[in-house]
Amino acid sequence: MTDVSGEILASVIKCVNFAALKHKDQRRKDPEKTPYINHPIGVAYLLVEGGVRDVDVIQAALLHDTVEDTDTTNEELVQEFGPEVAGIVAEVTDDKNLDKQERKRLQIVHAAEASPKAKLVKLADKLYNLRDLDRTTPSGWTQERVQEYFHWASQVVAGCRGNNSFLEGELDKLFIKWNVSV
Ligand SMILES: Nc1nc2c(ncn2[C@@H]2O[C@H](COP(=O)(O)OP(=O)(O)O)[C@@H](OP(=O)(O)OP(=O)(O)O)[C@H]2O)c(=O)[nH]1
Ligand SMILES: [Mn+2]
C-alpha cells in the first residue's frame, strides 16, 4: 500500500534508523548509561505529546544531535532528508570548535533568533534534558552544576516561548520546582 501517510511514516522511520546507527556507540551521562538514542526519540515524542504534527519538525527532532555529536555532516542530512529538515537541525546545532562558555552563550542568542520550527525542537530538547536532571544527577555533576544548568536552560527557553503551551507549561513546572525565575 502506498499513500501519503505511508510515505510520511516511511520518512520518519528512516530518521529513527539513521539516528540509531549514528548514535549506536553513545550513552547518556546518567549513572545507568542509558543508550543515547533514547534522547532524540524522547524529544520527538515530547513534540507529539505537545500536539506537533509537522513532519519536518519531528524528523529534525530525531536527527537533532547527529551533526553535533556524531560524524554526520549537514550535507549528508540534506542528501538524505532534504534542505528543510537539514536546515532545522543546523539551527539547533552547536559549533563544537568553540569553547564551552561561548557555545552556551551562543545557544541563548541563537535560540531567540531561530525559526518557529527550530524553537519547537529546542523547547522539547531542553524539557527532555531538564526532566532527566530532575530524575537523576549525571555522573560527576555537583548539585551546583545542576542548578546552573537549570538557570542557563531557562534563558535558552525564554527565547523560544510563544510556540507550544504544553512544552512551555511542563518547563515552567520544573523551573518553579527548581526555583528558577522565568
Ligand atoms: N540532563 C542530561 N543531559 C545529558 C545526559 N547525557 C547527555 N546529556 C547532554 O549533556 C549536555 C549538558 O551537559 P554540559 O556539560 O552542560 O554540555 P556539553 O556536554 O555540551 O559540554 C546536554 O546538551 P545540551 O547542549 O544542553 O543540549 P543538546 O542540544 O546537546 O541536546 C545533554 O544533551 C543526561 O543523562 N542528562
Ligand atoms: Mn539534544
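Remember, it's 1-based here, ligands and their atoms both numbered in the order they're listed. Quick caveat, the model's predicted, so the values are computed rather than measured.
Applying the 4.0 Å criterion to heavy atoms of R145 picks out, from ligand 1, the atoms 14 (P), 15 (O). Of all atoms in ligand 1, listed by their number and element, those nearer than 4.0 Å to a heavy atom of W152 are 26 (O). Close contacts between ligand 1 and H39 involve ligand atoms 31 (O) [criterion: under 4.0 Å to a heavy atom]. Each of the atoms 12 (C), 16 (O), 22 (C), 24 (P), 26 (O) of ligand 1 lies under 4.0 Å from some heavy atom of Y149. Near L133, with a cut-off below 4.0 Å to any heavy atom, the atoms of ligand 1 are 1 (N). Near D132, with a cut-off below 4.0 Å to any heavy atom, the atoms of ligand 1 are 1 (N), 34 (C), 35 (O), 36 (N).
Ring-plane geometry between W141 and Y149 is classed as tilted, the angle between the planes lying from 30 to 60 degrees on a 0 to 90 degree scale.
When only modelled atom types and interatomic distance are considered, Q107 and D94 share a side-chain donor-acceptor pair under 3.5 Å. A donor and an acceptor atom, one from each side chain of Q59 and K14, are nowhere located under 3.5 Å apart. Under the 3.5 Å distance criterion, with hydrogens and angles disregarded, a donor-acceptor pair is assigned to the side chains of T34 and D30. A side-chain donor-acceptor contact under 3.5 Å links D125 and H39. There is a side-chain donor-acceptor pair under 3.5 Å between H23 and Q26.
Residue R103 holds the heavy atom nearest to atom 20 (O) of ligand 1 of all those in H64, K100, R103. The option with the heavy atom closest to atom 2 (C) of ligand 1, from among Q26, E32, R28, is R28.
Here the protein heavy atom with the shortest distance to atom 16 (O) of ligand 1 is K104 NZ, 3.0 Å. Annotation: atom 13 (O) of ligand 1 to nearest protein heavy atom, K29 NZ, 2.9 Å. With respect to atom 30 (O) of ligand 1, the closest heavy atom belonging to the protein is E68 OE2, 3.0 Å. Looking at atom 32 (C) of ligand 1, its nearest protein heavy atom turns out to be N129 ND2, 3.5 Å.
Taking the side chain as every heavy atom from C-beta outward, E91 and K122 never approach each other to under 4.5 Å.
The part of D65 lying near ligand 1 is the side chain, judged by heavy-atom distances below 4.0 Å. The side chain of W141, and not its backbone, has at least one atom closer than 4.0 Å to an atom of ligand 1 (non-hydrogen atoms only; side chain from C-beta on).
Residue contacts with ligand 1 include Q107, since one of its heavy atoms falls under 4.0 Å from the ligand.
Think of V89 as one node in a network of Ile, Leu, Val, Met, Phe, Trp and Tyr side chains linked at under 4.5 Å; its network also takes in F18, L63, V67, L77, F81, V85.
A donor-acceptor pair is defined here as one N or O able to donate and one able to accept, closer than 3.5 Å; such a pair exists between the side chain of D99 and the backbone of E102. At least one donor-acceptor pair under 3.5 Å links the side chain of K119 to the backbone N or O of G159.
Annotation: D125 places an N or O atom under 3.5 Å from an N or O atom of ligand 1; distance criterion only.
Pairs passing the salt bridge (charged side-chain N to carboxylate O under 4.0 Å, His left out) check and including a residue from residues 55-64, sequence neighbours excluded, read D56-K117.
Around the Mn ion (ligand 2), protein N, O or S atoms at less than 2.8 Å comprise H39 NE2, H64 NE2, D65 OD2, D125 OD1.
Note: the hydrophobic cluster containing V182 also contains F150 (ILVMFWY, side chain heavy atoms under 4.5 Å, direct or indirect links).
Y36 carries R28 over the face of its six-membered ring, with the cationic atom under 6.0 Å from the centre and within 45° of the normal.
For K173, the salt bridge (charged side-chain N to carboxylate O under 4.0 Å, His left out) partners two or more places apart in sequence, or in a different chain, are E170.
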